[in-house]
Amino acid sequence: KKAFPSDYRCGYVSIVGRPNVGKSTLLNHILGQKLSITSRKPQTTRHRILGIVSRDLVQAIYVDTPGIHGEERKAINRYMNRAATSALRDVDVILFVVDALKWTTDDELVLEKLQKTALPVILVINKVDTVDDKAALLPAIEKLSKRMNFADVLPVSALRGHNVDELHATVGKRLPLSPPFFDEDQITDRSQRFLAAEMVREKIMRQLGEEIPYELTVEIEEFKQEGKLLRISACILVEREGQKKIVIGDGGSRLKLIGTEARLDMVKLFDRKIMLSLWVKVKGGWSDNERALKSLGYSS
Ligand code: GDP
Ligand code: K
Ligand code: MG
């Protein structure tokens with residue numbers, strides 16, 4: 001077994017904040033690889049997902065979470081809030097991500113949860129690339145700093161990578177001395193099947209209008225290694241017949257585009273040739289049915 005130096009640091013870092021502040025984009029940039037799916041839509045991230053970064057005698061295990069939000073009407077939303085709230089416990093450092101230009105009641109909700117924790121919280125002010133006058137950020141930072149005692153405050157751009165390495169270095173210093181928990185070449189706790197389903201869901205989230213994505217899920221039906229080729233077959237589950245038509249598009253055009261883009265992501269992620277087939281099925285009521293959620297792997 002490999003011996004690690006006694007000054008090795010390792011620990012968990014959760015990334016919390018309301019939907020759409022850029023949590024998953026930030027994780028992907030730190031990892032240097034797209035792992036967690038992103039889009040302009042809230043509720044893109046539905047599951048807790050680990051992104052593991054091992055370098056310079058530090059292993060930081062980032063926990064990307066669905067955003068914490070006020071709306072808990074449907075079972076899927078309650079599931080997502082549970083997944084996000086549990087990330088406030090059993091970690092070593094918390095990154096509280098906010099949008100440099102926009103503070104909402106959902107941010108307020110997250111702040112209230114954070115005020116109760118004794119863990120170090122680093123305030124990450126994201127999307128600074130959208131702010132022309134950087135000095136304008138100072139009053140907002142000062143106001144927030146009065147609300148709780150942040151371990152650090154860092155303005156970043158997750159999209160452009162501005163200050164992202166600095167953030168990772170800041171995190172590293174706060175992790176406890178410990179040998180790594182995971183293999184140093186492992187980047188996530190999630191299976192390739194799970195990641196494949198997520199890549200398909202991302203394309204749908206990005207391509208479809210407001211009405212559909214929240215009510216849709218992707219199931220991998222086949223995931224088979226055949227020599228140098230990965231054969232993947234995925235089924236997109238929607239709630240209504242009309243939604244099925246929209247996902248498929250005129251003459252299958254939209255489904256084809258979803259497949260083409262998802263396949264490219266899979267080639268990068270798995271470093272293999274990919275044969276991807278997609279299907280669409282109607283499965284009513286899954287997003288509001290606790291048992292159906294469990295059968296689809298949404299167990300917290
Ligand atoms: P999450 O819901 O917090 O995980 O947010 P996402 O990572 O899915 O990002 C939400 C949207 O914000 C996406 O369209 C991202 O491209 C965009 N975004 C994320 N970070 C930045 C940033 O630093 N600058 C800008 N301009 N957009 C960003
Ligand atoms: K999002
Ligand atoms: Mg996300």
Side-chain angles (χ1 to χ4, degrees), residues 13-51 62-71 76-77 79-88 94-111 113-114 122-134 136-137 140 153-168 188 190 194-195 197-210 212-214 216-218 261 265 298:
V13 186
S14 61
I15 307 175
V16 303
R18 72 160 161 84
N20 262 2
V21 289
K23 299 179 293 299
S24 301
T25 306
L26 180 65
L27 173 65
N28 291 339
H29 208 107
I30 295 172
L31 274 174
Q33 182 160 23
K34 188 165 95 202
L35 178 74
S36 196
I37 66 168
T38 68
S39 87
R40 292 166 192 276
K41 296 187 176 67
Q43 311 189 11
T44 304
T45 309
R46 285 182 183 161
H47 308 266
R48 235 174 98 118
I49 178 167
L50 298 189
Y62 289 93
V63 188
D64 189 15
T65 62
I68 297 173
H69 54 95
E71 165 99 61
I76 178 90
N77 292 349
Y79 163 82
M80 289 194 293
N81 269 354
R82 274 203 302 277
T85 305
S86 74
L88 303 180
I94 296 172
L95 302 184
F96 175 30
V97 185
V98 303
D99 182 323
L101 284 179
K102 204 156 117 204
W103 181 263
T104 72
T105 52
D106 280 341
D107 291 295
E108 196 61 38
L109 190 75
V110 184
L111 180 69
K113 286 180 189 282
L114 290 174
I122 299 174
L123 176 63
V124 180
I125 302 173
N126 190 29
K127 308 196 187 183
V128 292
D129 56 288
T130 62
V131 183
D132 292 328
D133 177 15
K134 304 286 186 263
L137 287 174
V153 179
L154 260 148
V156 308
S157 168
L159 198 64
R160 306 269 169 85
H162 174 72
N163 254 355
V164 170
D165 288 342
E166 288 78 355
L167 175 62
H168 180 64
T188 187
R190 292 291 187 168
F194 171 87
L195 297 173
E198 288 287 277
M199 295 305 137
V200 175
R201 201 164 59 78
E202 179 186 79
K203 304 314 164 199
I204 303 166
M205 296 294 285
R206 288 183 177 190
Q207 287 188 29
L208 298 194
E210 291 301 322
I212 288 179
Y214 313 108
L216 169 157
T217 192
V218 178
E261 293 192 347
D265 274 4
Y298 288 88

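Treat the numbers as computed from the prediction; the structure is a model and nothing was measured. Just follow the structure's listing: the first ligand is 1, and inside any ligand the first atom is 1.
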Using a 4.0 Å cutoff against the non-hydrogen atoms of [X], which atoms of ligand 1 qualify?
X: T130; result: 26 (N)
X: S24; result: 4 (O), 7 (O)
X: R40; result: 14 (O)
X: K23; result: 1 (P), 2 (O), 3 (O), 4 (O), 5 (O), 7 (O)

Got the closest protein heavy atom to [atom], with its distance?
atom: atom 27 (N) of ligand 1; answer: L159 CD2, 3.8 Å
atom: atom 12 (O) of ligand 1; answer: K127 NZ, 3.1 Å
atom: atom 20 (N) of ligand 1; answer: N126 ND2, 3.2 Å
atom: atom 11 (C) of ligand 1; answer: S39 O, 3.5 Å
atom: atom 9 (O) of ligand 1; answer: T25 OG1, 3.5 Å
atom: atom 2 (O) of ligand 1; answer: N20 N, 2.8 Å
atom: atom 5 (O) of ligand 1; answer: G22 N, 3.1 Å

Looking only at heavy atoms, the pair that brings R18 and D106 closest together is CB-CB, 3.6 Å

Nearest heavy-atom approach of V124 to V156 is CG1-CG2, 3.5 Å

Quick one: does [X]'s side chain get under 4.5 Å of [Y]'s, heavy atoms only?
X: I37; Y: D265; result: no
X: I122; Y: V13; result: no
X: L31; Y: Y62; result: no
X: L195; Y: T188; result: yes

Mind checking whether the Mg ion (ligand 3) has an N, O or S of T45 under 2.8 Å? yes

Discussion item. Any N/O/S atom from S24 (main chain or side chain) under 2.8 Å of the Mg ion (ligand 3)?
Written reply: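 It does; at least one qualifying atom falls short of 2.8 Å.
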
Q. Step by step, would you call K23 with D64 a salt bridge (charged side-chain N to carboxylate O under 4.0 Å, His left out)?
A. CA-CA 7 Å; K23 299 179 293 299; D64 189 15; 5.9 Å; no

- Message: Quick test of your reading of the model: are E202 and K34 salt-bridged, counting only N-O distances below 4.0 Å?
- Response: yes

Ignoring hydrogens and geometry beyond distance, is a side-chain donor-acceptor pair present between T38 and S24 at under 3.5 Å?
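Note: T38 and S24 side chains miss the donor-acceptor criterion.
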
Do we see a donor-acceptor contact under 3.5 Å between the side chains of T104 and D107?
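Indeed, the side chains of T104 and D107 share at least one donor-acceptor pair under 3.5 Å.
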
_Using a 3.5 Å cut-off on N or O atoms only, is P19 in polar contact with ligand 1?_
no

_Can you confirm, on distance only, whether ligand 1 has an N/O atom lying under 3.5 Å from any N/O atom belonging to A158?_
yes

Problem - N20 OD1 and T44 OG1 subtending at the K ion (ligand 2) (10° steps) - result: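 Here the angle at the metal atom is close to 130°, to 10°.
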
The K ion (ligand 2) contact by [X], N, O or S atom under 3.4 Å:
X: K41; answer: yes
X: T45; answer: no
X: S39; answer: yes

Parallel, tilted or perpendicular: which fits the ring planes of F194 and H47, with parallel below 30° and perpendicular above 60°? perpendicular

Worksheet item: Given L27, D129, D64, which one has a non-hydrogen atom that is nearest to atom 24 (N) of ligand 1?
Response: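 Checking each option, the heavy atom nearest atom 24 (N) of ligand 1 is found in D129.
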
Would you find a donor on one side and an acceptor on the other, under 3.5 Å apart, between the side chain of K41 and the backbone of M205? yes

| query | Between R201 and T44, is there a donor-acceptor pair closer than 3.5 Å when you use the side chain of the first and the backbone of the second? | reply |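 It does hold such a pair.
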
Close approach, V21 and ligand 1, non-hydrogen under 4.0 angstrom |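 Yes, V21 has a heavy atom closer than 4.0 Å to ligand 1.
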
